[in-house]
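Data block below; observations after.
Both ligands and their constituent atoms are indexed starting at 1 by order of listing. Sequential numbering from 1 along the given sequence is applied to the chain's residues.
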Amino acid sequence: MLKCTKLVTKLREGKIGLAIIKVGLLGLGNVGSGVVNIFSENTEKIREYIGTEIQVEKVLVRDINKPRLAELDQRILTTDPRDILDNPDIDIVVELMGGIEPAFTYIKQAMENRKHVVTANKAVMATYCKELFETAKANDVEIRFEGSVGGGIPLIDTITNKLAGNRIDGLVGIINGTTNYILTRMSRDGMSFDEALKKAQEKGYAEADPSSDIEGQDAAYKLAILAATAFGLYINPNDIPCEGITKITEAEIRYAAELGYAVKLLATAKNKGGDLEIHVHPAIIPDSHPLAGVNNEFNALLIEGNAVGELMLYGKGAGSLPTGSAVVGDILDIIRMMRQSAKTGSSLAAGRNNLNVVGEDTGSYYIRITVVDKPGVLGVITTTLGKHGISIASVSQRSLGERLVPVIFITHEVEREKLDKGLAELRNYSDVVKEVACILRVESY
Ligand code: NAP
Ligand code: HSE
């Protein structure tokens, strides 16, 4: 039985060709099962790639008797975290439990016990990434978190390593699979919000508490991680302006579609002359936009680098095997690094923390207003908005002879503050303006 440090030394010295690397899993749910299934399905390929065997030594669960989605020796299941965190045989701890506690404490303890850590936990990484990077450094171990953003898409590795020679100027993407699945099913199949959410849960995309997905918090966690990776900024995820999709109705999706737009939940971080504009919000995007064709549980991130230009990464953003793929990739990376005695560098961008973080600044907006269908109404609206510097790019009104009709305006770029003031004044004309029913950002390309 070799202690972790001895094993690392031997591997570094090249004295062990085929030493078995022992992994401890914290959690065997959707993602944990995906990891175990990938190890058993791709054993030969993995052994060939790293020149050694990987053994899942122990797995922490809450309920040992629960049916599992992966086949494994029941005897390695435990309900005692110490069997993994204090186990001298285990070299890499893989945290796939979810939630902030006890996950954060276990990750920290694992690193303090000189074990490398891989996690897909965006809540922990977004909230504690600075502290965790410091703990990793102090204990000379690695922490990897590719699966925490974008499921199977290698976003963190691409930004950190492949685009290391770029200054990243902007990120905009669909980074929550559950909400994208819901919006897709509502728009394509006329499914209700609740029905689509239920399906997303059955497919294993949603968080244990799905309100994190539908309220946008999961995307805000991921955006905070991306901001640390791309811009070197630790932003408290709770400070990121965030709106989910709970107010998006099937009718809204239909109105937008009639105008040639798709409704998507977008996460945005853009450097606008030294201000980092960062927010999570539902938006409409023209059908020609590259993100408009990203459907179901797929995610995509458009990255703008000052050398590479525009780049879009696309793939499955949630699910057992896609996320398992990212986790296994991180494990293999760590083993390769152990074997080569190499460091692959911090996942944090250097030198950009002089950016000033701001919320929603300027944008073009889709506004649906319910009005009384009578002469002069459009004039009242455009004059009022015009007084606040809000210029209209297009207007569309559908009248089927009812007294109240929806009118949809798309504005030119305007400051959000001015828009809110203009709309507040408009609400005073209650004899003709019945409701400002929906405001969505327009993301163009
Ligand atoms: P899950 O299906 O709910 O699985 C959680 C696992 O952790 C279960 O095996 C559970 O044990 C165990 N667990 C939870 N709390 C525990 C505790 N206090 N003590 C011991 N065991 C505990 O979750 P998941 O979907 O696999 O997600 C895991 C992590 O990956 C989360 O951080 C999630 O945000 C992230 N992630 C998920 C996806 C996805 O598509 N699902 C994608 C990317 C990232 P029992 O089985 O005994 O209940
Ligand atoms: N609940 C998350 C999502 C899982 O739907 O995107 C992937 O992080």
Side-chain angles (χ1 to χ4, degrees), residues 24-37 58-70 72 74 77-85 94-107 118-127 145-153 155-156 173-184 196-197 199-223 225-226 244-245 265 267 280 294 296-301 315-327 330:
L25 287 188
L26 305 175
L28 188 64
N30 290 302
V31 184
S33 309
V35 170
V36 171
N37 287 330
K58 279 276 170 203
V59 182
L60 178 74
V61 291
R62 271 180 302 217
D63 176 0
I64 286 195
N65 299 314
K66 198 166 153 180
R68 299 287 161 191
L69 299 165
L72 79 183
Q74 289 290 111
L77 298 182
T78 176
T79 53
D80 183 356
R82 304 261 63 92
D83 287 347
I84 292 174
L85 303 176
V94 182
E95 185 279 310
L96 301 167
M97 296 162 45
I100 290 192
E101 282 297 353
F104 168 67
T105 302
Y106 293 173
I107 290 175
V118 175
T119 178
N121 191 326
K122 58 297 285 266
V124 164
M125 284 314 296
T127 312
F145 47 94
E146 185 67 76
S148 67
V149 188
I153 317 171
L155 295 177
I156 307 292
I174 295 167
I175 55 174
N176 181 272
T178 301
T179 47
N180 204 40
Y181 181 84
I182 294 172
L183 292 172
T184 306
L197 170 60
K199 286 251 179 253
Q201 288 177 292
E202 282 165 14
K203 285 173 176 282
Y205 306 149
E207 295 304 301
D209 173 3
S211 65
S212 178
D213 294 295
I214 61 178
E215 302 286 359
Q217 195 188 25
D218 178 83
Y221 284 143
K222 292 166 176 169
L223 190 56
I225 296 171
L226 289 174
I245 62 160
L265 183 70
V280 171
V294 177
N296 291 314
E297 78 274 31
F298 281 83
N299 283 190
L301 187 70
K316 286 190 175 167
S320 177
L321 289 174
T323 313
S325 160
V327 172
D330 277 349

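Those atoms of ligand 1 with a heavy atom of Gly319 less than 4.0 angstrom away are 39 (C), 40 (O). When each atom of ligand 1 is checked for a heavy atom of Val61 under 4.0 Å away, the hits are 11 (O), 20 (C), 21 (N), 47 (O). Applying the 4.0 Å criterion to heavy atoms of Glu207 picks out, from ligand 2, the atoms 1 (N), 2 (C), 4 (C). With ligand atoms numbered from 1 in the order given, ligand 1 contributes 20 (C) to contacts under 4.0 Å with heavy atoms of Leu60. Which parts of ligand 2 touch Asp213 is read off a 4.0 Å heavy-atom cut-off, strictly below it: atoms 1 (N), 2 (C), 3 (C), 5 (O). Less than 4.0 angstrom separates some heavy atom of Gly204 from each of these atoms of ligand 1: 39 (C), 40 (O), 41 (N). Those atoms of ligand 1 with a heavy atom of Leu28 less than 4.0 angstrom away are 6 (C), 8 (C), 9 (O). Below 4.0 Å from some heavy atom of Tyr205 lie the following atoms of ligand 2, by number and element: 1 (N), 2 (C), 3 (C), 4 (C), 5 (O). Counting atoms of ligand 1 from 1 in the listed order, those under 4.0 Å from a heavy atom of Leu96 are 5 (C), 6 (C), 7 (O), 28 (C). Residue contact check: Gly147 has heavy atoms under 4.0 Å from atoms 43 (C), 44 (C) of ligand 1. Close approach to Ala318 involves these atoms of ligand 1, each under 4.0 Å from a residue heavy atom: 40 (O). For ligand 2, the atoms sitting less than 4.0 Å from at least one non-hydrogen atom of Lys222 are 2 (C), 3 (C), 6 (O), 7 (C), 8 (O), numbered in the order shown with element in parentheses.
The heavy atom nearest to atom 7 (C) of ligand 2, out of those in Gly151, Gly317, Gly177, is found in Gly317. The option with the heavy atom closest to atom 4 (O) of ligand 1, from among Gly29, Gly27, Gly177, Gly98, is Gly29. For atom 11 (O) of ligand 1, the candidate residues are Lys203, Lys316, Arg62; the nearest heavy-atom contact is made by Arg62.
Between Gln201 and Pro210 the shortest side-chain heavy-atom distance falls below 4.5 Å.
Between the side chain of Asn121 and the backbone N or O of Gly99 there is at least one donor-acceptor pair closer than 3.5 Å. Between the side chain of Ser148 and the backbone N or O of Lys122, no donor-acceptor pair lies under 3.5 Å. Remark: the backbone N or O of Ala123 is paired with a side-chain donor or acceptor of Thr127 at under 3.5 angstrom. At least one donor-acceptor pair under 3.5 Å links the side chain of Asp213 to the backbone N or O of Glu207. Not a single donor-acceptor pair under 3.5 Å links the side chain of Glu146 to the backbone N or O of Asp330.
Of the polar atoms of Lys122, at least one N or O is found under 3.5 Å from an N or O of ligand 2, judged by distance alone.
The local environment of NZ in Lys58 is crowded, with over 12 non-hydrogen atoms from other residues, nucleotides or ligands closer than 6.0 Å.
Not a single heavy atom of Glu297 sits closer than 4.0 Å to an atom of ligand 2.
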As a quick check of understanding, evaluate side chain to side chain donor-acceptor pair (under 3.5 Å) for Tyr221 and Gln217, giving each step before the final call. CA-CA 6 Å; Tyr221 284 143; Gln217 195 188 25; 3.2 Å; yes

Derivation of the side chain to side chain donor-acceptor pair (under 3.5 Å) call for Asp209 and Ser212: CA-CA 6 Å; Asp209 173 3; Ser212 178; over 6 Å; no

Quick one: do Asp80 and Thr78 satisfy side chain to side chain donor-acceptor pair (under 3.5 Å)? Show the steps, please. CA-CA 5 Å; Asp80 183 356; Thr78 176; 5.6 Å; no

Checking Leu85 against Tyr106 for the side-chain contact (heavy atoms from CB on, under 4.5 Å) test, could you report, in this order, the C-alpha distance in whole Å, the side-chain angles of both residues, the deciding distance, and whether it holds? CA-CA 7 Å; Leu85 303 176; Tyr106 293 173; 3.7 Å; yes

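At the shortest separation from atom 5 (O) of ligand 2 among protein heavy atoms lies Thr178 OG1, 2.6 Å. Ranking the protein heavy atoms by distance from atom 48 (O) of ligand 1 puts Lys66 NZ, 2.8 Å first. If you check which protein heavy atom lies closest to atom 26 (O) of ligand 1, you get Val31 N, 2.8 Å. If you check which protein heavy atom lies closest to atom 33 (C) of ligand 1, you get Glu207 OE1, 3.5 Å.
Counting heavy atoms under 4.0 Å from ligand 1, residue Thr323 touches it through the side chain alone. Residue contacts with ligand 1 for Ala208 are absent, since no atom lies close enough (heavy atoms, distance under 4.0 Å). At a heavy-atom cutoff of 4.0 Å, ligand 1 is contacted by the side chain of Arg68 but not by its backbone.
Between Lys199 and Glu297, no side-chain nitrogen of the basic residue sits less than 4.0 Å from a carboxylate oxygen of the acidic one, so the salt-bridge criterion is not met.
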